[in-house]
Amino acid sequence: MPTALITGGTTGIGRATAELLHARGYRVAVTGQNRDSLARARAELPGDVLVLRSDARVPADTDALMRTVSEQFGSIDLLFLNAGIFRPSPVADVTEESFDEQVDINFKGQYFTLQKALALMNDGGSIVLTVGVGARRGSPGATLGAATRGALLAMLPSLALELAPRGIRVNAVSPGATDTPLLDKLGVPSSGREAMRAKIPFDRFGSSQEVAEVVAFLASDAASYVTGQDVTVAGGYGLGA
């Protein structure tokens with residue numbers, strides 16, 4: 001039975017991926033930090049899905065996470081690094097505290113989670129990174145989010161080459177505007193959502209399930225010859241002039 005570890009897996013895209021993979025026969029572990037989200041995930045996800053509190057900024061948490069996954073699963077077939085935060089702000093208003101927080105969670109935390117998971121990764125496995133279209137397409141107030149998520153994208157080719165001798169495929173998924181709890185957390189009003197939707201050729205937001213399907217594909221044998229790629233899931237956003 002294949003195994004998957006999903007960081008940031010208690011809500012949105014991470015949770016949808018957990019549900020999909022579990023339905024397809026995976027043993028799944030998800031991580032999160034928010035107490036309410038963790039409680040809901042434990043109550044609503046299938047009972048054999050491991051729901052674990054882990055803060056990627058805290059090395060001891062990451063070590064404990066890997067110990068638990070090793071004890072419960074033995075090894076990992078899919079590592080989906082989906083955890084991250086987005087705090088939009090103009091450059092002039094970014095504080096050192098906010099800068100450090102986003103770097104620590106979006107890049108440093110994911111980097112060292114990956115590093116520590118490599119010992120558990122099965123040869124021939126798959127690693128998927130969540131990046132987002134903001135790393136390539138400009139948006140006012142998104143410089144820090146783009147930089148920290150874009151750092152994952154920048155390391156993608158080198159990481160794919162480094163792990164190729166083990167047959168481990170490394171790819172990224174870049175969602176566009178997706179109907180997840182993040183929009184509510186950011187307080188995006190209906191007018192703002194309508195403006196975003198108007199820029200999407202498909203004239204709608206994506207769903208978490210649609211992104212999850214792409215992650216599941218990248219984890220599957222159907223993608224056995226795919227590595228080092230960033231797959232955009234954005235309904236055609238950014239194709240026009």
Side-chain angles (χ1 to χ4, degrees), residues 3-15 17-18 28-34 37-38 41 50-87 94 96-132 134-135 144-174 215 218-219 227-228 230:
T3 58
L5 171 58
I6 302 171
T7 68
T10 58
T11 63
I13 292 168
R15 176 163 166 170
T17 304
V28 179
V30 302
T31 73
Q33 290 189 61
N34 181 274
S37 296
L38 286 164
L50 294 180
V51 180
L52 306 169
R53 187 197 175 281
S54 184
D55 186 338
R57 295 169 294 184
V58 181
D61 278 14
T62 305
D63 290 338
L65 170 64
M66 296 307 158
R67 284 196 300 271
T68 300
V69 171
S70 178
E71 292 167 359
Q72 296 294 321
F73 292 171
S75 61
I76 301 170
D77 293 294
L78 167 65
L79 175 63
F80 181 25
L81 293 173
N82 177 66
I85 60 172
F86 182 55
R87 306 270 196 265
V94 173
E96 286 194 40
E97 180 182 13
S98 176
F99 183 96
D100 289 343
E101 179 187 36
Q102 293 190 59
V103 169
D104 285 349
I105 294 176
N106 293 352
F107 180 50
K108 182 180 177 181
Q110 303 313 300
Y111 188 98
F112 285 102
T113 299
L114 184 152
Q115 181 196 68
K116 294 178 179 182
L118 284 178
L120 298 179
M121 286 292 302
N122 285 322
D123 290 355
S126 176
I127 297 171
V128 179
L129 317 172
T130 295
V131 175
L144 194 49
T148 52
R149 284 299 198 180
L152 298 176
L153 185 59
M155 76 178 190
L156 179 63
S158 296
L159 186 60
L161 289 172
E162 187 173 326
L163 297 181
R166 292 184 56 188
I168 295 175
R169 295 168 288 111
V170 188
N171 295 288
V173 62
S174 283
V215 177
L218 292 172
T227 195
D230 176 28

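Everything numeric here is computed off the predicted structure, so don't read it as measured data.
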Exceeds 12 heavy-atom contacts within 6.0 angstrom, atom NZ of K116: yes
Any chance you could lay out the side-chain contact (heavy atoms from CB on, under 4.5 Å) test for T62 and F112, step after step, and finish with the verdict? CA-CA 8 Å; T62 305; F112 285 102; 5.8 Å; no
Per the side chain to side chain donor-acceptor pair (under 3.5 Å) rule, what does the pair list look like for residues 67-80, sequence neighbours excluded? T3-D77, S75-N122, D77-N122
So do the side chains of V215 and N82 get within less than 4.5 Å of each other, counting heavy atoms only? no
Residues forming a side chain to side chain contact (heavy atoms under 4.5 Å, CB included) with A83, sequence neighbours excluded: T7, Q110
Atom CG of L78 and atom CD1 of I168: how far apart are they, to the nearest 0.5 Å? 11.5 Å
Go through the steps for I13 and V173 under the test side-chain contact (heavy atoms from CB on, under 4.5 Å), then give the verdict. CA-CA 11 Å; I13 292 168; V173 62; over 6 Å; no
Between CD1 of I127 and CZ of F80, what distance do you get to the nearest 0.5 Å? 12.5 Å
Rounded to the nearest 0.5 angstrom, the CG-OG1 distance for L153 and T130 is 12.0 Å
Going by side chain to side chain contact (heavy atoms under 4.5 Å, CB included), name the residues that satisfy it together with A117, two or more places apart in sequence or in a different chain. M66, I76, L79
How many angstroms lie between atom CG of L5 and atom CG of L65, to the nearest 0.5 angstrom? 5.5 Å
Is the shortest side-chain heavy-atom distance between L118 and L163 below 4.5 Å? yes
Quick one: are N34 and T10 in side-chain contact, heavy atoms under 4.5 Å? no
Would the number of heavy atoms belonging to other residues, nucleotides or ligands and lying under 6.0 Å from CD of E96 be above 12? no
Could you tell me if the side chain of L120 sits less than 4.5 Å from the side chain of F73, heavy atoms only? no
Heavy-atom side-chain contact between L156 and L152 under 4.5 Å: no
Heavy-atom donor-acceptor pair, N171 side chain to G228 backbone, under 3.5 Å: yes
Tell me, do L114 and L159 make a side-chain contact under 4.5 Å, heavy atoms counted? yes
Which donor-acceptor pairs under 3.5 Å do side chains of residues 51-61 form with protein atoms, sequence neighbours excluded?
from : atom 1 : to  : atom 2 : distance (Å)
R53  : NH1    : D61 : OD2    : 3.3
D55  : OD1    : R57 : N      : 2.9
D55  : OD1    : R57 : NE     : 3.0
D55  : OD2    : R57 : NE     : 3.4
D55  : OD2    : R57 : NH2    : 3.0
R57  : NH2    : Q33 : OE1    : 3.3
D61  : OD2    : D55 : N      : 3.0

For S174 and V131 the tightest heavy-atom approach is OG-CB, 3.5 Å
How close do A18 and V30 get, heavy atom to heavy atom, and via which atoms? CB-CG1, 3.6 Å
Among residues at least two apart in sequence or on other chains, which ones pass side chain to side chain contact (heavy atoms under 4.5 Å, CB included) with A160? V170, T227
With sequence neighbours excluded, what pairs up with I85 under the side chain to side chain contact (heavy atoms under 4.5 Å, CB included) test? R87, E101, Q102, I105, N106
Do L81 and Y111 touch side chain to side chain, with heavy atoms closer than 4.5 Å? no
